[in-house]
Amino acid sequence: MLRLSLRAEIHDRLSELFFEAFGKESADFVVEIPPEGFGEYSTNIAMANAKTLRTAPRQIANKLLELLSTVSWFTNVEIAGPGFMNFKLSKEVYHHVLAEFVEEVKFPKLAREKVQFEFVSANPTGPLTVGHGRQAIIGDVLVRVYKSVGYDVTSEYYFNDAGKQMKALGHSLWIRYNAIYGESQEFEEDDYKGEYLVDVAKEFASEHGDAYVGKWDEKIQKLFTSYARDRMFDWIKRTLDKIDVKFDVYFSESSLYKKGVTDEAMALLKEKNYIYEKDGTIWFAVSKLLPKEEDRVIIRKNGEPTYFFSDIAYMLDKYQRGFKRVYYIWGADHHGYIPRMQAAAQALEVPDGFFNVIVHQFVTLKSGEETVKMSKREGEFTTLEDLVRRVGKDATRYFFAMLDPNTHLVFDVDLAESKKMENPVYYIQYAHARVVSLLKNAKEKGVSWENATFDNLTLPAEIDIIRFMAEFQEVVISVVNEHKPQKLCNYAYSLSEKFHSYYNANKIVDVENRHLSADRISLCVGVKNTLRTVLSLLGVSSPDSM
RNA sequence: GCGCCCGUAGCUCAAUUGGAUAGAGCAACGGACUUCUAAUCCGUAGGUUGCAGGUUCGAGUCCUGCCGGGCGCGCCA
């Protein structure tokens, strides 16, 4: 019955009625769950159309009210305040909704488009930080949600394992390696000074011995670099695995050059006249497309392309692979990069809406009163791995998904560690486990619920829970449209809240009253199914017992 | 200086995208286990939504200007 969501259905019916009453389309209006005491649902349709109809809201409402009372869905329609229309829904509607959630929680089907999410994309120069963790979870949750509503989604990790920084990594490893043999060497400015290379150096030493102590040439540099890179990548992938983040594609920057996409991109830009030479470098005329922006170098004086040029070619490659839309998830430090990429999108003539960026703000760790700054170069940071080891996968995922990507996240390590039990993720999981336990209990007592009629579900709390379950599709749609994973967290938490409260106030399994029990158990099954579904979108487990 | 993001209870966050009386958790106080998992529930207290204007039937949400915080403004990645 429900194509999208209950509220969308109500919205459609109101639209039809409006057309019937006034012979024209309604202006935009909303159907919402109002505060206590204003009915079960509410709409502002009368107020929204007051201007265009040049009629008082209450008058419009009155006209609609007559029609509404002829439709079986709506009961108790009332007009309130400046022109709100408040109403209840018939029992049958709720029974139908509950029956669906008891059987299977369905996703709205939105689009089959081929889209791509690219995130994390950390170069293999060190372990993932907690900042990468936030990005990994935001991206992974969005991928799961997009898949659920029908998109053909590819998750992708872009990396550069060829540039200057990789040489620095190799050199840094070599220094740590020398230190093992008591040979002290100086770090260079761009080297990676983090302790994590010490262990890698030990491994290297145990495999290769002291053959390279005090010796340094191009061949040795390559050996150290590739060794370090492989170790770092292994580490990164292992960490991602621990938080259940999987990428469909790992894409290397150098493959762009091998494939020749870079040449294509250059030819395209030249042809459109966006390229010029100055001071021995090649520039991309960003200002031609976006007057407020500055032109940018894409080929350096030494003949090497800049990162920006690779990104232009990469975008072209994404387009050629047939994606209808691509999403880049970037940290706040990259936001200044967006305009020039937009200019690139225009220059490459990819369709409007192809290039999209989801920016997330920074994560800082708090321990006591100290905030931990994170710099991979200086070696000061907490690894994502450490964090997961402390608080576990479920809490890590939930916490990173819990806040709006657009707000600064302060991760209080002490709190995450010591007050684990106040964790909202446990609260939700506990609700799930409780229902499972209920079902076991019912089985033991021989109370069945398969043939429930739902007729006994008349308490306001019961209607409220059904009504809230019916919001599920709406929440999923908003996550797709707004890229805000935290809506799933809030939804799961609120549903758990309603359930815990209901559970405490009412006896669910009662051998003396089997019909009532069957109905109530069914309601709980609906809650359980919904929680399980939302948690799986978040990548958080749904334990049967705790 | 310019640009992007944020500012809601003591703390961490909600608020159905412009709706009615701004809601939860933590911290504080008081209650509920011989009863389906007390990792729970119920209650009390806590607010000039950073400030000042504007837009309209209606603003935490939109527009302008301030204030405060974060980030960015490379031939780095």
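When reading the values below, keep in mind they use all heavy atoms of this one structure, side chains included, and skip hydrogens, waters and symmetry mates. Throughout, a chain's letter reflects where its sequence line sits, starting with A, and its residues are numbered from 1. If you're wondering where the values come from, they're calculated on a predicted model, not measured in any experiment.
Distance, A:K484 NZ to B:rC13 C1': 13 Å, rounded to whole Å. The CG-C1' distance, from A:D333 to B:rC6, rounds to 16 Å in whole Å.
Among the protein residues, A:E497 comes within range of the sugar-phosphate backbone only, with heavy atoms under 4.0 Å from sugar or phosphate atoms but none that close to a base. A:N481 comes within 4.0 angstrom of no nucleic acid atom, judged by non-hydrogen atoms across all strands. The residue A:L403 sits close only to the backbone: its heavy atoms come under 4.0 Å of sugar-phosphate atoms, none of a base. The residue A:S42 sits close to a base: some heavy atom pair falls under 4.0 Å. Among the protein residues, A:N86 comes within range of the nucleic acid bases, having at least one heavy atom under 4.0 Å from a base atom. Among the atoms of the strands shown, none is found under 4.0 Å from any heavy atom of A:S478. Counting any heavy atom pair closer than 4.0 Å across all strands shown, A:H500 reaches sugar-phosphate atoms only and no base atom. Across all strands, A:K164 comes closer than 4.0 Å to no nucleic acid atom at all (heavy-atom distances). At a threshold of 4.0 angstrom between heavy atoms, the contacts of A:A50 with the nucleic acid are absent. Note on A:N302: nothing from the nucleic acid sits closer than 4.0 angstrom, heavy atoms only. Within the 4.0 angstrom heavy-atom criterion, only backbone atoms of the sugar-phosphate kind lie near A:D404; the bases stay farther away. Using a 4.0 Å heavy-atom distance criterion, A:N506 is classed as a base contact.
Going from the P atom of B:rU61 to that of B:rC5 covers 16 Å, rounded to whole Å. Nucleotides B:rG65 and B:rG46 place their C1' atoms 32 Å apart, quoted to the nearest Å. With both ends at atom P, the span from B:rC13 to B:rU35 equals 39 Å, rounded to whole Å. A distance of about 30 Å separates the P atoms of B:rC29 and B:rU37, rounded to the whole Å. Between B:rG18 and B:rG60, the two C1' atoms lie 11 Å apart (nearest whole Å). Spacing between B:rG69 and B:rA38 at atom P, rounded to whole Å, works out to 48 Å. To the nearest whole angstrom, the two P atoms, one in B:rG30 and one in B:rG7, are 35 Å apart. Rounded to whole Å, the separation between the P atoms of B:rG3 and B:rG74 comes to 16 Å.
Remark: A:R467 is not in phosphate contact with B:rU16, judged by side-chain N or O atoms under 4.0 Å from OP1 or OP2. Taking only side-chain nitrogens and oxygens, A:R300 comes nearer than 4.0 Å to OP1 or OP2 of B:rC76. Considering only side-chain N and O atoms, A:S501 lies nowhere under 4.0 angstrom from the phosphate OP1 or OP2 of B:rU40. Side-chain N/O atoms of A:Y430 include one lying less than 4.0 angstrom from OP1 or OP2 on B:rA39. Regarding contacts with the backbone of B:rC41, a side-chain N or O of A:Y427 is found under 4.0 angstrom from either OP1 or OP2.
No hydrogens or angles considered: a donor-acceptor pair under 3.5 Å links the side chains of A:H171 and A:D191. Side-chain N/O atoms of A:N160 and A:Y307 include no donor and acceptor closer than 3.5 Å. With hydrogens and angles left out, the side-chain atoms of A:T125 and A:Q165 include no donor and acceptor closer than 3.5 Å. Side-chain atoms of A:D510 and A:S517 form no donor-acceptor pair, as typed in the model, at a separation below 3.5 Å.
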Watson-Crick or G-U pairs under 3.5 Å in RNA chain B, rendered as dot-bracket with [ ] for crossing pairs and | for another strand: (((((((..((((.....[...)))).(((((.......))))).....(((((..]....))))))))))))....
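Annotated as anti: B:rC66, whose O4'-C1'-N torsion sits more than 90° from 0.
The main-chain N or O of A:A168 is never found under 3.5 Å from a side-chain atom of A:E188 such that the two would form a donor-acceptor pair.
Applying side-chain hydrogen bond (donor to acceptor under 3.5 Å, both in side chains) to A:E156 and the options A:Y328, A:Y250, A:Y327, A:Y314 leaves one that passes, A:Y314.
In terms of position along RNA chain B, the nucleotide closest to A:Y493 lies nearer the 5' end than the nucleotide closest to the other residue of the pair A:H334 and A:Y493. In this structure, A:V31 and A:A80 both approach RNA chain B, and ranking their closest nucleotides by distance from the 5' end singles out A:V31.
For A:F84 and B:rA20, the ring-to-base geometry satisfies the stacking test (centroid distance below 5.5 Å, interplanar angle below 30°).
For a distance-only test at 3.5 Å, the side chain of A:N44 qualifies as a donor-acceptor partner of the base of B:rG19. Below the 3.5 angstrom threshold, one finds a donor paired with an acceptor across the side chain of A:R7 and the base of B:rU16. Scanning atom types as modelled, no donor and acceptor separated by under 3.5 angstrom connect the side chain of A:T125 and the base of B:rA77. Applying the 3.5 Å distance criterion, the base of B:rA77 shares no donor-acceptor pair with the side chain of A:D190.
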Start with the C-alpha gap between A:K318 and A:D311, add the side-chain angles, then the distance that decides, and say whether salt bridge (Lys or Arg N to Asp or Glu O under 4.0 Å) holds. CA-CA 10 Å; A:K318 288 181 180 191; A:D311 278 343; over 6 Å; no
Between A:I521 and A:L438, does a side-chain contact (heavy atoms from CB on, under 4.5 Å) hold up when you go through it step by step? CA-CA 8 Å; A:I521 293 168; A:L438 267 178; over 6 Å; no
Test log, rule salt bridge (Lys or Arg N to Asp or Glu O under 4.0 Å), inputs A:R340 and A:E294: CA-CA 8 Å; A:R340 78 191 72 161; A:E294 288 170 20; over 6 Å; no
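Ring pair A:F399/A:F411 is tilted by interplanar angle, where 30° to 60° counts as tilted.
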